Amino acid sequence: MINKLDLSGEWLLCLDKECKGTDLVFDDTINLPNTTSNAKKGEYNTERETGFLTDTYKFEGFAWFRKSVDFSALQCENLKLYLERTRITELYIDGKKIGRKESLCTPHIYDLNEYIGTGVHEVTICVSNVGYKTKGGHLTSPDTQTNWNGITGRIELIGYKTAHAENVMLWCDIHSKTVRITADITGGKSGKAVISAESFNSEKSHTPAVQSFEYKDGKLDAVYKMGDDCLLWSEHEPNLYKLRIDIDGDVSEHIIGMREFKTDGGKFTINGKKTFLRGKHDGMIFPKTAFAPTDLDEWLRVMKISKSYGMNHYRYHTCCPPESAFIAADMLGIYMEPQLPFWGTITEEGEENHNQEEQDFLVEEGFNMLKFFGNHPSYCMMSMGNELWGSKKILNDIIGGYKKFDNRHLYTQGSNNFQWFPNVIENDDFFVGVRLANDRLIRGSYAMCDAPLGHIQTDKPAANHDYDSIIRPKKQASSTEISEDGTVQIQYGTTMKTVKASEADADFVPEVPIVTHEIGQYETYPNFKEIEKYTGSLKARNFEVFRERLEEKGLLPLAEDYFKCSGKLAVQCYKEEMEAVFRSRLLGGFQILDIQDFSGQGTALVGVLDAFMDSKGLISDSEWREFCNDAVVMARFDNYVLEAGRSLKAHTELCNYRPDLKNGKLICTLTLENGDVIGKVEKNFTAEGNYTDICDVEFTLPQVTKNTKAVLALEIEGTDIHNHYDLWVIPTVEKTDISGAYIFDEVNEEAESLLKQGKTVLILPDLSRLENSIEGFYCQDFWCYHMFCIISQMMKKPDPVGTMGLLIDTEHPALAGFAGEKYSTPQWWEIVQNSRSVILDDFKGEKNVIVRTIDNFDRNHDLSLLYEYKKDGGKVVVCSCDFNKLSKSPEGRAFIKSVVDYVRN
């Protein structure tokens, strides 16, 4: 490039909703880059979407943009129009059609040599957001950045000299300390290329020597020596260079990073050292504009936040970000995995619903992504799409074609392909999935339609889970049964579909790195204060509807407590989920969904950050890094709830991918909430490899008279590596004495008589006959109730329970003997799992809910586990728990005693 003309600014606008392309009236203007929605052009949309944010100026059709441009303003020998980020475009000059481009992921570039120096011309660009050759995944989905129309990146005329470099590919070799440079020299058969480089983004500076190379037959193939002291690129040291290629005064500049991203058995490596992928899902949700930014500052902002939460990896769900995202990732040391914009089935010619045009488009889109962005060191991996089905042969051939063209990246057939029937194909470099067979689960939570459920949903909270015995099982697992016609029903996006399947290999053990897919998905109740943050064309009308529903039930005053308490439970679930992967020595990494709220697909508020990447106030970034970082110290124990006088036994271990951590001292302390130190252990250790078993610890718990929080704290002395666990010490209750209490399973005549005497009666309903109630479920709801309830019903699977934890009146005397937090903590697991929550929507009269179950924002039931009301001069206390089962655990007995003591008094 030798010159360019910025065409951003005011353009004439014509919205052609009917896509006629005739009788165009340019009676409006728009400032580009922008979208029609963000510029508030077109008809105002009064819809109130509940499954995703509402685009208040939604427009689908042809948007025509027109501007007079002086082509004599650039002195050049070659001229191109560059549209960085858009939809399907057609370019017209003075009414003459120049061409059409369809890439959704990469720039649209038009050759305009015939117009060099010809003065002023009328440039018209038609942008269409209809008629795509593929659905576009999250690039065009209303669930993420919307199906916007416009041009959102650079709009430029770029001038070149007669000879200039195009299709530049840079092959960095950290062993020979060289960069191989290949390029097409457009407009030149032979000549000289002068190549130079200079480091930036580094504490050290390095400038390799300027070197000259000959190009022949319009091709450059040069090996540029970086020098023995060249700087390497990684997450820990993201050293970068600006490499310049000068072809007779026409200079192109490229960012490079000297790195080697490979695999070694079941692990990824960066520059020969093992690394662990700590991945964030990204659908490019930017609710202020409803489209992905193309400016560097915004990507640096959001990626710095992700890094502060311990992330080193971005997995793009059926989309590819613009170049500024790769540059930000280059600068911060983030390993990127874009995906083809596809979520569907790959078929072979002759098969039902075969769409060769779509497949050809997707394959070409992948090559475009590699051509435009493949030089970036952050572009480490590439995926063929999300949850694909179909032909393994075609998938393998597609990957093979990419590998032959560009072997600088690692490739995978997709994320969670074939779902219950996972496999590794020949060209897979790594595997991404949620299970290795039907009941070999490698994440902690699932939707009911994808059951069996995960260990965090079914097991008592504990700090002892890992997936190693599942990855390398000692016995054969089972596989999902297939129907007689060879098909299976699967969850597909926001619906379901029936696909062909073959028997899964129950002994499937990938020999490539395993990345666990979309872990977490623990939702929180909406924070209605967020509504005011939607100042752009996207509005949170879904939140408004949810708020109105809650108000109709008379529960709106509880909204903030619902948000905070559901969030605290979600954080606990995330900690257990994350530590399970860091304990798993055979895993290659994880991809969480997500630290950020997902604003669509039913409204899935699964983040500890909101959709704007702002903290929800549930957990700080430093606390999150306790269990998500390049080094995590952990305790392994079986129960967060311990009886007074017993021992806490724990094993301590370190997951370490930090290159400079070799030796250390563990300090492990158990402290009561009043500050009393129960015990302290110090242990020196040597960190050999990535996983170190440090030592076992044992502490004798004191006698207490009430439920008492204790904190087990671990730290590696002199580092920022620390972790903690909130434990609960329960006073000893030998047996449950219910004598002296008036206990019934319903309000019968005897109970009525006692009430008239001013007595208090305790109702323990028969849970097997308790109508108008919901089963007890301790774990946080998965993703969002509305979407997965519909899918479960379509698939004729059980509905999800859909509850979101507890809201507890900790000051109520019924809980005087069962102290705790306002939200769910592990001491409540036995109680919740042995209960049903009563639906009190139609309760007549006044009531006082002592332990409330938080319902999801779709149903908004008024749910109670323990409540009371006055009747006939007395008081009725209803506890919908199974006391017989609760009497078998220390916390259950303590709870029974507390409730019975209250009703006796």
Side-chain angles (χ1 to χ4, degrees), residues 455-456 458-466 572 575-576 579-580 583 633-653 666-683 693-715 723-738 778 806 808 810 815-821 823-835 881-901:
H455 66 95
I456 296 174
T458 59
D459 297 353
K460 191 171 184 177
N464 60 5
H465 201 90
D466 66 63
Q572 293 174 56
K575 178 178 172 66
E576 193 169 338
E579 290 195 352
R583 287 191 202 97
V633 62
M634 295 169 285
R636 194 184 286 246
F637 53 88
D638 295 334
N639 199 340
Y640 283 86
V641 183
L642 302 145
E643 190 173 8
R646 300 294 180 91
S647 292
L648 165 65
K649 297 179 180 180
H651 176 71
T652 61
E653 57 194 293
L666 170 72
I667 301 174
C668 179
T669 309
L670 183 65
T671 308
L672 294 184
E673 57 187 330
N674 64 3
D676 290 348
V677 176
I678 303 305
K680 184 175 183 179
V681 172
E682 297 185 6
K683 177 69 175 179
D693 292 299
I694 301 176
C695 66
D696 294 327
V697 298
E698 182 173 358
F699 301 104
T700 300
L701 300 166
Q703 293 295 337
V704 294
T705 58
K706 65 173 185 176
N707 292 4
T708 302
K709 183 192 288 188
V711 176
L712 180 66
L714 297 85
E715 66 171 302
N723 201 348
H724 79 280
Y725 301 85
D726 291 340
L727 310 175
W728 289 92
V729 184
I730 307 298
T732 300
V733 178
E734 295 294 343
K735 62 178 182 177
T736 52
D737 178 12
I738 58 174
Y778 179 86
L806 302 178
I808 303 162
T810 58
L815 300 178
F818 201 73
E821 306 286 4
Y823 48 84
S824 299
T825 53
Q827 66 186 32
W828 285 93
W829 188 88
E830 292 279 359
I831 298 156
V832 171
Q833 293 295 115
N834 293 295
S835 73
C881 300
D882 187 328
F883 273 22
N884 287 330
K885 291 181 178 178
L886 291 186
S887 64
K888 297 175 183 177
S889 67
E891 59 268 40
R893 292 191 294 271
F895 175 75
I896 292 171
K897 182 178 186 303
S898 185
V899 173
V900 171
D901 284 350

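From a predicted model like this one, the values you see are computed outputs, not experimental measurements.
A donor-acceptor pair is defined here as one N or O able to donate and one able to accept, closer than 3.5 Å; no such pair exists between the side chain of Ser898 and the backbone of Phe895. Side chain of Thr652 to main chain of Cys695: a donor-acceptor pair is present (N/O by atom type, distance under 3.5 Å, no hydrogens or angles). Looking at Asn723, its side chain never comes within 3.5 Å of a backbone N or O of Met634 through a donor-acceptor pair. No donor-acceptor distance shorter than 3.5 angstrom exists from the side chain of Gln827 to the backbone of Asn707, with no hydrogens or angles considered. When atom types are taken as modelled, the side chain of Tyr778 and the backbone of Thr458 share no donor-acceptor pair closer than 3.5 angstrom.
With sequence neighbours excluded, the residues forming a ring-ring contact (aromatic ring centres under 6.0 Å, His included) with Phe637 are Tyr640, Tyr725, listed by chain and number. Applying the side-chain contact (heavy atoms from CB on, under 4.5 Å) criterion to Ala644, with sequence neighbours excluded, gives Gln703, Val704, Val729, Thr732. Applying the side-chain hydrogen bond (donor to acceptor under 3.5 Å, both in side chains) test to Glu673 and every residue at least two apart in sequence or in another chain returns nothing. Judged as a side-chain contact (heavy atoms from CB on, under 4.5 Å), and not counting sequence neighbours, Lys888 has no contacts. Residues meeting the side-chain contact (heavy atoms from CB on, under 4.5 Å) test with Lys706, sequence neighbours left out: Thr708. Qualifying side-chain contact (heavy atoms from CB on, under 4.5 Å) partners for Asn464, counting only residues two or more places apart in sequence or in other chains: Ala462, Arg636, Asp638.
Closest of all the heavy-atom pairs between Ile730 and Pro890 is CG2-O, 3.6 Å. Contact record, Thr825 with Gln572: CA-OE1, 3.8 Å, taken as the closest heavy-atom pair. The heavy-atom pair separating Thr700 from Ser647 by the smallest distance is OG1-OG, 3.9 Å. The shortest non-hydrogen separation linking Leu727 to Leu642 is CD1-CD1, 4.1 Å. Here the shortest heavy-atom pairing between Thr669 and Ile667 reads OG1-CG2, 4.0 Å. Residues Glu643 and Leu701 approach most closely at O-CD1, 3.9 Å, considering heavy atoms.
Note that NZ of Lys885 and CD of Glu830 are 10.5 Å apart. Values are rounded to the nearest 0.5 Å. A distance of 7.5 Å separates OG of Ser889 from CD1 of Ile896, quoted to the nearest 0.5 Å. Here CG of Leu714 is found 7.5 Å from CD1 of Ile694. Values are rounded to the nearest 0.5 Å.
Other residues, nucleotides and ligands contribute only 12 or fewer heavy atoms inside 6.0 Å of the CD1 atom of Ile738. Sparse packing is recorded around NZ of Lys897, with 12 or fewer heavy atoms of other residues, nucleotides or ligands lying under 6.0 Å away.
Side-chain atoms of Val832 and Leu806, non-hydrogen and from C-beta on, do get closer than 4.5 Å to each other. Residues Pro826 and Glu891 fail the side-chain proximity criterion, which asks for heavy atoms closer than 4.5 Å. Under the 4.5 Å side-chain criterion, counting only non-hydrogen atoms from C-beta, Ile678 is in contact with Pro702. Inter-residue side-chain proximity for Lys709 and Glu821 is flagged as met; some heavy-atom pair is nearer than 4.5 Å. Leu712 is listed as a side-chain neighbour of Phe699, based on a closest heavy-atom distance under 4.5 Å. Inter-residue side-chain proximity for Thr810 and Leu815 is flagged as unmet; no heavy-atom pair is nearer than 4.5 Å.
For Trp828 and Phe818, the distance between ring centers is under 6.0 angstrom.
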Tell me, with the steps shown, if His455 and Glu576 meet side chain to side chain contact (heavy atoms under 4.5 Å, CB included).
-> CA-CA 10 Å; His455 66 95; Glu576 193 169 338; 4.2 Å; yes
From CA spacing to verdict: side chain to side chain contact (heavy atoms under 4.5 Å, CB included), Val711, Asp726 = CA-CA 5 Å; Val711 176; Asp726 291 340; 3.6 Å; yes
Stepwise side chain to side chain contact (heavy atoms under 4.5 Å, CB included) test for Leu666 and Val633 = CA-CA 9 Å; Leu666 170 72; Val633 62; 4.0 Å; yes
